[in-house]
Every structure is written in structure tokens, then in C-alpha cells.
Participant: 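Take a look at this one; I'll ask things after.
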Amino acid sequence: MVVNVVTSSSFNHHHYHYHNHNAISTMSGLRQYHSLVVRLGLSSHNPTVARLIKFAALSPSGDLSYALRLFRLLPCPDAFIYNTLFLALSSHPTPLSLSPSRLLSHMLHHSVSPNHFTFPPLLRATSLPFGRQLHSLIYKLGFSSHSFARNNLLCMYLQSGCPYDACKVFYASLDCDIVAWTTMVTGFSKAGLIDDARALFDTMPERNLVSWNAMIAGYVQAGLFKEALDLFDQMQAQGIEINKYVGATVLSACTGLGALEKGEFIHTQIQSKRIKLDSKLATTLIDMYCKCGCLEKAIEVFNSLPAKKLSTWNCMIGGFAIHGRGIDAIQLFKNMESQGGVPDDITFLNVLIACAHSRLVAEGKHYFDYMVQKYNMEPKMEHYGCMVDMLGRAGLLKEAKQLILEMPMEPNADILGALLGACKIHGVVDLGQEIGKRAIELDPLNSGRYVLLANLFAGAGRWDDVAEVRKLMGDRGVHKEAGHSLIEMNGVLNKFICGGRSHPQCKEIYNMLNEMLERIKAEGYVADAGVVTHDLTKEQKEEALYYHSEKLAIAFGLIHTRAGDTIRITKNLRVCRDCHEATKFVSRVFDREIILRDRNRFHHFKRGDCSCKDYW
DNA sequence: AATTAAGGTA
């Protein structure tokens, strides 16, 4: 743009002409415009410079340091400009040289009065203790009943871990709006006060889709998936329809439970309402299909996406990994690279998990080196953990131990736990004892390592050591996590615990279970009493095994399906070897495909075999 | 001249 002679009378004309037809869209455009502004002698003209600051400070393609330079050149910046900078500070991820409190001091020192656009972004840019000073300033300046200021004040206290202070503000105000209520519900949930969140939710004077989603998401984040789905059902019963946020929230609840039917129902609603699959929703949907055992459906959704973000690739690679389809995971990784995708540490973690679960040791080693060589990435603790798991499971215990010694960081309990798990699989008691004790000391409240160590001793017949581990657990008040299995049938979730008798169809289920056991025994199944470590008689051990929650769930599944059908079960812990054997027999004898999700991965049982090839 | 509450992957 060329400007020749500009007289004061023609100036406004030129200025607004530019303004209307040449919106700033890049930093280089902004620089050009800035030089024009300088030549026009407008560098101190607040409304003009404000436009520049706004773009530089807030646009994703902006440059905050440039905005600050422009600001410092202004002799008398106005409230709008300060507010714009507060907004920028509140949305900037990294801490800057300019703190919100210094900027506010500057503003007050220059006698610029805050207005009702000042405090909301300022509160979001700060935390305690400065937040308290803002609180009193808001009162002094008379903004305490301004809903935007108050709502952001609540947010500030809640995000600073002070729900009590938020409560004081909240309950002192008689005219809280729906945003304030919803903010409190979210804040309580995030503070772990899920019951208080629900109590607030139940007493809200009005609710909208955002409030419903906040409460449902609170349950999901607390791991209370069943409660999340129940609340969603209530929401739908009131005729409220989903949007993409609620869709994503509820899908992740389905994922947590392995509730495929419900997940499919949500997918159908998303389609019928023509909700666009943005990257978050798509990732959630793919993850739901992966973790509910429907890998083919996940692939279908994945392939239907016109553009794939890194998170989407990661999710799909992870899906192949947990289903034991290591080769497919690697192939997908290669496809991603060939399409110009750049992997991150999660991508590599998923590739390594895929290798570990599919006994692809050479490939795993290759990708572990490759992430360093090709992408210059530093393997994190999790990557080492995965390598230790992979090597250990494959029986390469010495290599696994060596890797732990060579790691640049101190191994944490997860790393040692992975090696302990390998010792358990391969019956290596001495190393397992040493590693197990260290793992337990590092993370004494995790029950899993005690159980693993006790089982390792039990396998070697070292009952005194078993008793010692159990006593240690008892003394520390650590309890073995109770196992349970879930199976969804006609939209109803059925939960079974070991030896449980509370199901309405209890009698039928136990009859079926006994019939099932008789038939598979006739086909050669023998109970593996070695996995039960209590000091019981052989009969008692078998009893305990026979009524494991997954066997109850399978019996229930057999009642409600026919030959050729698929039974899907979600278990919260790892499946035991005995149940794994029994399930193989059931798949053949009763001609069912049984898809079992355990804590770590999927097992697809078909015609007497499992997809994990007994490697898990 | 402009603000606030809700979602996913590891």
C-alpha cells in the first residue's frame, strides 16, 4: 500500500477505507499497517493502536511480545487496551515477563479506572494469593454484584484449590446465575467433592445442557461411569437432546464400562442429529469402539474421517495395541508417517505397547531406537516401562534388568512392577522378591504389587513368605482390589463379583455355571488351583475359582445368547490363568465368541483359542 | 470497541 501526501482532511477517508477493506490477518500485514500508522502520526491514537494490539495479543497467529511493545509506546493507554492485555495474559499458556498484577498496578498508577470488562480476564489470569487482593478490589470498586466478575471469582478460588472460599462468595450472593451454579458444580467435581457437586446440581434453580454435561463429566472424571450414564438417562427422559460435548462425555462413560450397546446408541444419535465429528469427538468415539471390543467399527469410523489429527492416529494405534494386533499397529504408524504425520511420545508409547503385547521384541527395540534417532525424542519413564514389560514378558529378564540399570532416571514403582510381573510369569522368585520389595516400598498403597509378590511365592510353595506379604498388607491397611465383571445385555449393565448372589437371576446363573463347568471338564478342562494363594483345601480353592466374577458373567452371557453369538465382558482386574483357560473351552464347547477386556488388554476367544496366544 | 460455565487420546 502506497500513501502519498495525506492532508488532515483526507486522512479519515484513507484511514477508514483501509480499515474496512483490509482486515489484519497476519503479523506481516500488521507490521505494514503499523508502519502506516506511524507515518500517519497515529502511534498515540488509542483506538487505532488498540486494533493492532488486539490482533497481536489475541490472534493465534499473533505475537504477544509485539503487542507489549506497542503498548509500551502508548503514552496514555485506555481501559480497553489494558483489558485486551489481561485477556491475552489469561489465555497465554506460558508465564510471561509481564505479570497480571504488575499490569494492574500500572493501570491504577496511571489513573485508568477498571470497568466491568477488566476483572473477568484478570481473575482468569491469576491465582492465589493475588486473587484475594482482586477480590477486595472488586468489592471496593463496586463490581461485586456483576455476574461476570463474580463467576470468574468463583472460578479463581476453585482452580486455586479453595472451594471453601468459593462457597463463601457463592452463598453470600442471592442472585447467582446458571453460570455460577455450573461453575460450582464443575469446581466441586474437580476437587473430588462429587457428592457436594450432585447436591448443588439437584438444587439448581434451572439447568441447561452445559450444566447437565458438567455433572455427567464430573462423574466420568471420578470414575463413576454408571452414575454418569444414569444421569444421562435422566437428562434424555426430560427430552433434552445431546450435543457434541454431552456426546463425548457419555461416550467416555461407555468406554469406562465397556458398554457397547449404549455407545452405539450415542453414535446413532450423533449421526441422526448430524453432529460433526470434530477431532475430540472422533477420538472419543474411536476409543469407545476400541475399548468396547469393536475394533472393526473403530477402524470404520477412523477411515471415514477426512482429516486425522495426531490424537486420532494415536488412539487408533493404541486400539490395535490393546487388541494384540501389533503388526496392524505398526502398519498404521507407517501410514501416518507416509502421510506426513509427526509422531509424539504417546504415539511411540502405543507402538511399544503394541509390540509388547504381540511378542514383537525386535520391532519394539527398533522403534525404541527409532524415536531417538529419527525424531530426537527422549524416551520417558513410560517408554522404559513398556520396554521392561516387553523384554520381561518375553523371558529376557536379564536384558530387562540391564535396561533398568541403564535408564537415565531412577526407576519408579511402575517400572519395577513390570519386572515383577515378568518374574511372576516366569517363576523367577529371587529376582522377583528383590524387585517386588523395592516396588512395594516405592508405592506402599498399591495393592497389586503385594498380590503379585504373594502369588509368586505361592507358585514356589513358599507359604511362609506368602503369609508375610499378606500380613504386611494387613498391617498397612492395604486391601486387594475387589474383582468385578460387567456384561451389558439389552441395554442393562449387569455387574458380578466373585461368588456374588445378588443378581435377580442368580439361581439360573449358578445352574448354568455348574452346567458349563461340567461340560468343559468333560472336554478336558482342569481347574488350575495354583492361582489361588489362600491356605485352603484343594476343594475350597476350586470353589473360589469356579465362582470368579468373569465365570459368572460368562454363565449369564450363555443364558442370554445362542450358538454363534458374541459375548462381551469387561473386567476391572487382569483375568487369571484359570478363567482364561476355562473361557477358551467355553468358546469352543458353547460356540460363542467371547471378547473379554481386562485391565490391560483384550482377549478374543474363539473356537478354543485366545487372540493373545496365551501371551499376556 | 469486548467477557464467564461443558468433551477426548497417554
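First the proteins, then the strands, lettered A, B, ... as listed; each starts at 1. Everything numeric here is computed off the predicted structure, so don't read it as measured data.
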Participant: Return no unless some side-chain N or O of A:Q221 is found under 4.0 Å from OP1 or OP2 of B:dG7.
Facilitator: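 Yes, within the criterion.
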Participant: Roughly how many Å is it from CD in A:Q159 to P in B:dA6, rounded to a whole number?
Facilitator: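 The distance from CD of A:Q159 to P of B:dA6 comes to 8 Å, rounded to the nearest Å.
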Participant: Between A:L85 (CG) and B:dA2 (C1'), how many Å, whole number?
Facilitator: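 So the CG-C1' distance, A:L85 to B:dA2, works out to 13 Å.
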Participant: From the set B:dT9, B:dG7, B:dA5, return the single nucleotide nearest to any side-chain atom of A:K190.
Facilitator: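 For the A:K190 side chain, the nearest candidate turns out to be B:dG7.
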Participant: Determine, using ring centers only, whether A:Y82 and A:F71 are less than 6.0 Å apart.
Facilitator: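 That pair passes the under 6.0 Å test.
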Participant: Rounded to whole Å, how long is the line connecting atom CG of A:N213 with atom P of B:dA5?
Facilitator: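 Roughly 13 Å, once rounded to whole Å.
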Participant: Kindly point out which of B:dA10, B:dG8, B:dT4 is positioned nearest to the side chain of A:V179?
Facilitator: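 For A:V179, the side-chain atoms sit closest to B:dT4.
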Participant: Using the side-chain heavy atoms of A:F80, tell me which of these nucleotides is nearest: B:dA10, B:dG7, B:dA2.
Facilitator: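 Ranking B:dA10, B:dG7, B:dA2 by closest atom to the A:F80 side chain puts B:dA2 first.
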Participant: Return the value, rounded to whole Å, for the distance between atom CD1 of A:I322 and atom C1' of B:dA10.
Facilitator: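 Distance, rounded to whole Å: 12 Å.
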Participant: Which one, B:dG7, B:dA5, B:dA10, comes nearest to the side chain of A:T183?
Facilitator: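 Among the listed nucleotides, the one closest to the side chain of A:T183 is B:dA5.
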Participant: How are the rings of A:F170 and A:W181 set relative to one another: parallel (under 30°), tilted (30 to 60°) or perpendicular (over 60°)?
Facilitator: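 Ring orientation, 0 to 90° scale: perpendicular.
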Participant: Please indicate whether A:E241 has more than 12 foreign heavy atoms, meaning atoms of other residues, nucleotides or ligands, lying under 6.0 Å from its CD.
Facilitator: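 No, the 6.0 Å shell around CD holds no more than 12 heavy atoms from other groups.
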Participant: Of the nucleotides B:dA2, B:dT3, B:dG7, which has the atom closest to the A:F148 side chain?
Facilitator: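 Nearest nucleotide to the side chain: B:dT3.
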Participant: So what does A:L281 touch, heavy atoms closer than 4.0 Å: a base, only the sugar-phosphate, or nothing?
Facilitator: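 Answer is base: heavy atoms of A:L281 come under 4.0 Å of a base.
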Participant: Per the atom types in the model, does the base of B:dA10 pair as donor or acceptor with the side chain of A:D345 at under 3.5 Å?
Facilitator: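 Checked by distance alone, the answer is no.
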Participant: Compare the aromatic ring of A:Y245 with the six-membered base ring of B:dA6 and state whether they stack according to the 5.5 Å and 30° rule.
Facilitator: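 Stacking is present between B:dA6 and A:Y245, given that their ring centres fall under 5.5 Å apart and the planes under 30°.
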Participant: Between B:dA6, B:dT3, B:dA10, which one does the side chain of A:H146 approach most closely?
Facilitator: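 Nucleotide nearest to A:H146's side chain: B:dT3.
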Participant: Remember a base hit wins even if backbone is also touched, and classify A:D78 as base, sugar-phosphate or nothing at under 4.0 Å, heavy atoms.
Facilitator: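 Contact class for A:D78: base.
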Participant: Between A:H116 (NE2) and B:dT3 (P), how many Å, whole number?
Facilitator: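 Atom-to-atom, A:H116 to B:dT3, this comes out as 11 Å.
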Participant: In whole angstrom, give the distance that lies between atom CG of A:L122 and atom C1' of B:dT3.
Facilitator: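 From A:L122 CG to B:dT3 C1': 12 Å.
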Participant: What is the distance, to the nearest angstrom, from the NZ atom on A:K380 to the C1' atom on B:dA10?
Facilitator: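 After rounding, the gap between these two atoms is 9 Å.
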Participant: Quick one: the side chain of A:N152 and the base of B:dA5, do they pair up donor-acceptor inside 3.5 Å?
Facilitator: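 Per atom types, no contact qualifies.
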Participant: Would you say the rings of A:F55 and A:H34 are close, in the sense that their centroids are separated by under 6.0 Å?
Facilitator: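 Here the rings of A:F55 and A:H34 have centres that are no less than 6.0 Å from each other.
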Participant: Give one of base, sugar-phosphate or nothing for A:R150, where a contact means two heavy atoms less than 4.0 Å apart.
Facilitator: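 Nothing: the residue A:R150, judged by heavy atoms under 4.0 Å, touches no strand.
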Participant: Looking only at the aromatic ring of each residue, does the gap between the centers of A:Y289 and A:F302 stay below 6.0 angstrom?
Facilitator: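 No, the ring of A:F302 stays outside the 6.0 Å limit from the ring of A:Y289, centre to centre.
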Participant: Tell me the interatomic distance from A:M288, atom CE, to B:dG8, atom P, rounded to whole angstroms.
Facilitator: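 Taking atom P of B:dG8 as the reference, CE of A:M288 is at 15 Å.
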Participant: Could you tell me whether the side chain of A:N208 has a donor or acceptor atom within less than 3.5 Å of a complementary atom in the base of B:dA5?
Facilitator: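 Check passes, donor-acceptor contact within cut-off.
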Participant: For the side chain of A:N314 and the base of B:dA10, is some donor closer than 3.5 Å to an acceptor across the two?
Facilitator: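 A donor-acceptor contact between them is absent.
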Participant: Given B:dA10, B:dG8, B:dA2, which nucleotide is nearest the side-chain atoms of A:I353?
Facilitator: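 The answer is B:dA10, which lies nearest to the side chain.
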Participant: Taking the ring centre of each residue, are A:F333 and A:Y367 less than 6.0 Å apart?
Facilitator: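 That pair passes the under 6.0 Å test.
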Participant: Is any side-chain nitrogen or oxygen of A:K291 closer than 4.0 Å to OP1 or OP2 of B:dA10?
Facilitator: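 True: A:K291 side-chain N/O within range (under 4.0 Å) of B:dA10 OP1/OP2.
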Participant: Do A:D278 and B:dG7 have a side chain to base donor-acceptor pair shorter than 3.5 Å?
Facilitator: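 For A:D278, whose side chain was compared with the base of B:dG7, there is a donor-acceptor pair (under 3.5 Å).
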